[in-house]
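Worksheet: one structure, shown below.
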Protein chains: 2
Amino acid sequence: MVQERPPRREPLTRTTVLHAAVAMADEAGTGVPSMRNLADRLGVKAMALYHHFRNKDVLLDHMIDLVFSEVELPPEGVDWQVAMRRRAVSMRGALIRHPWAIGLMDSRTNPGHATLRHHDAVIGRLRSEGFSIAGAAHAFSVLDSYIYGFTLQELSLPFESPAGLEGVAGSILEELPGDEFPHLAEMIVERGGRPGYAYTEEFDVGLDLILDGLRRQRESWP
Amino acid sequence: MVQERPPRREPLTRTTVLHAAVAMADEAGTGVPSMRNLADRLGVKAMALYHHFRNKDVLLDHMIDLVFSEVELPPEGVDWQVAMRRRAVSMRGALIRHPWAIGLMDSRTNPGHATLRHHDAVIGRLRSEGFSIAGAAHAFSVLDSYIYGFTLQELSLPFESPAGLEGVAGSILEELPGDEFPHLAEMIVERGGRPGYAYTEEFDVGLDLILDGLRRQRESWP
DNA sequence: ACCTGAACACCGTTCAAGT
DNA sequence: ACCTGAACACCGTTCAAGT
């Protein structure tokens with residue numbers, strides 16, 4: 001009795017695998033899928049994936065690069081501070097849409113093409129606006145540090161960020177020896193229960209402070 | 001024939017387990033040990049650990065709290081900007097000494113005692129220097145975002161931070177289509193090969209910019 | 001009170017083999 | 001060219017049992 005062949009899928013491609021991996025990670029909200037679960041979703045055995053990516057680490061490299069490919073480059077035809085703000089807001093958006101990405105950042109070692117183009121565009125725009133090489137390096141460093149750090153805290157909701165105190169206001173206040181941490185308690189009470197977009201407000205405050213500082217210092221860097 | 005008893009260790013305590021976990025994580029440089037490897041190191045089977053920590057997640061919570069316990073609180077008797085700088089430098093130091101910690105930040109949900117005391121002290125100091133509640137929240141948010149983000153980039157050496165370009169100057173320049181990313185190439189050439197303490201310099205530049213911005217804005221926040 | 005053996009349901013990855 | 005079976009060396013965690 002001849003066994004009928006299972007319906008033959010389209011053969012996998014790098015791109016199919018990559019997009020499925022990103023989609024699964026986004027859905028899970030936190031953490032990247034296992035090779036075995038990813039394979040299941042693609043109707044294939046885990047080992048098939050190794051035909052397209054040498055190992056999981058290079059898959060992760062490509063996932064990160066895909067996140068960077070979604071970030072808006074500094075737009076032309078507007079003031080440089082506006083351009084930098086737009087880039088920063090877009091970057092935060094991408095990191096929030098793909099909450100698994102920021103945790104991977106500190107273990108990636110091979111920047112992809114979209115990542116390089118992104119960096120090149122930001123540096124290029126700063127240089128064309130009168131920032132020296134050192135100045136552009138400083139500006140890039142402080143902006144990206146702020147964006148990554150803010151998002152890192154935003155994603156670890158319950159606390160960690162004053163803007164996020166609402167989330168745990170209740171539960172923390174209960175356990176908190178109110179008189180041991182009076183300033184924390186006060187801040188939770190005063191700023192608790194604010195609407196969710198408080199994060200965006202808070203992000204803008206710091207971003208404006210930094211952009212203003214960069215404007216002041218721009219000429220001072222050799 | 002009576003089997004001789006194996007030499008009986010001191011019984012484990014929460015503290016022994018916790019310190020061994022941190023030590024192993026520090027040595028590994030990256031990533032936290034598995035429960036099984038941690039148990040081996042303590043001369044015990046993995047399941048014994050669950051007698052002291054309900055699961056790995058609460059062990060991780062305590063490890064993070066231990067990192068915070070090493071961070072200097074804003075010192076008394078100095079200008080507030082100096083105090084904030086000392087706290088920031090100390091925080092970066094702790095995160096660099098325990099490079100596994102920053103990657104855990106975005107998945108922790110239960111701040112420990114040392115963490116709460118740290119936050120309370122920072123907020124308290126800002127309040128006593130004339131920052132309003134909103135102002136203290138803004139200051140805390142922008143400072144911690146910067147510290148975390150800078151360290152995150154510093155720990156993902158090869159690139160990601162302009163200050164870290166040296167690390168890969170060579171290898172990247174080779175593969176890089178030099179004319180596709182001219183500004184990146186220029187920055188790598190000009191700033192490549194700088195000594196390792198360049199990170200500390202870079203950290204200070206951004207920190208000063210932010211502290212100066214906070215001084216200017218202090219009165220403006222309701 | 002403190003620890004363990006055995007088991008369960010997972011991982012990433014290799015290698016030789018199948019179509 | 002593309003995929004798989006079987007295997008290896010791992011994970012975290014449970015449960016009932018041992019001393």
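Remember, it's a predicted structure, so these values are computed and weren't measured experimentally. Just so it is clear: chains get the letters A, B, ... in the order the sequence lines come, proteins before strands, and each one is counted from 1. Hydrogens, waters and symmetry mates are skipped; everything else that's a heavy atom, side chains included, is used.
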Please work out which residues in residues 47-54 of chain B have a non-hydrogen atom less than 4.0 Å from an atom of DNA chain C and list them by number.
B:M47, B:A48, B:H51, B:H52
DNA chain C contacts made by residues 13-25 of chain B, counting heavy atoms under 4.0 Å:
none
Considering only D:dC3, D:dG12, C:dT13, which nucleotide approaches the side chain of B:S34 most closely?
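Ranking D:dC3, D:dG12, C:dT13 by closest atom to the B:S34 side chain puts D:dG12 first.
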Rounded to whole Å, please give me the gap between [atom1] in [X] and [atom2] in [N].
X     : N      : atom1 : atom2 : value
B:R36 : C:dG5  : CZ    : P     : 13 Å
B:D57 : D:dT13 : CG    : C1'   : 13 Å
A:D40 : D:dT4  : CG    : P     : 11 Å
A:N55 : C:dT13 : CG    : C1'   : 9 Å
B:M35 : D:dT14 : CE    : P     : 10 Å
A:K45 : C:dC11 : NZ    : P     : 13 Å

Salt bridge (charged side-chain N to carboxylate O under 4.0 Å, His left out) filter on B:R117, not counting sequence neighbours, yields none
With sequence neighbours excluded, residues passing salt bridge (charged side-chain N to carboxylate O under 4.0 Å, His left out) with A:R36
none
List the residues meeting side-chain contact (heavy atoms from CB on, under 4.5 Å) with [X], not counting sequence neighbours, and say none if there are none.
X      : result
B:V205 : A:H138, A:W221
A:H19  : A:T15, A:L66
B:S107 : none
B:D120 : A:F181, A:P182, A:H183, A:L184

For Watson-Crick and G-U wobble pairs within 3.5 Å on both distances, what is DNA chain C written in dot-bracket notation, | included for inter-strand pairing?
||.|||||...|||||.||
On DNA chain C, does the nearest nucleotide to B:A46 precede the nearest nucleotide to A:P33 from the 5' side, or the other way round? Give the residue.
B:A46
Are OP1 or OP2 of D:dG12 and a side-chain N or O of B:K56 less than 4.0 angstrom apart?
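True: B:K56 side-chain N/O within range (under 4.0 Å) of D:dG12 OP1/OP2.
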Mind jotting down which residue pairs meet the side chain to side chain donor-acceptor pair (under 3.5 Å) criterion with at least one end in residues 94-106 of chain B? Sequence neighbours excluded, please.
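For residues 94-106 of chain B: B:D26-B:H98, B:D26-B:W100, B:E70-B:R97, B:E70-B:H98.
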Taking any heavy-atom pair under 4.0 Å as a contact, classify A:N37: base, sugar-phosphate, or nothing.
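A:N37: backbone/sugar contact only, no base atoms under 4.0 Å.
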Please list, one pair per line, the donor and acceptor atoms closer than 3.5 Å that link side chains of residues 40-47 of chain A to other protein atoms, with sequence neighbours excluded.
residue	atom	partner	partner atom	Å
A:R41	NH1	A:E27	OE1	3.2
A:R41	NH2	A:E27	OE2	3.4

With B:T151 via side-chain hydrogen bond (donor to acceptor under 3.5 Å, both in side chains) - residues at least two apart:
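Testing B:T151 for side-chain hydrogen bond (donor to acceptor under 3.5 Å, both in side chains), a comparison that skips the adjacent residues, returns none.
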Pick out which of A:R54, A:K56, A:R108 makes a salt bridge (charged side-chain N to carboxylate O under 4.0 Å, His left out) with A:D61.
A:R108
Does A:R87 pair with A:E72 as a salt bridge, N-O distance under 4.0 Å?
no
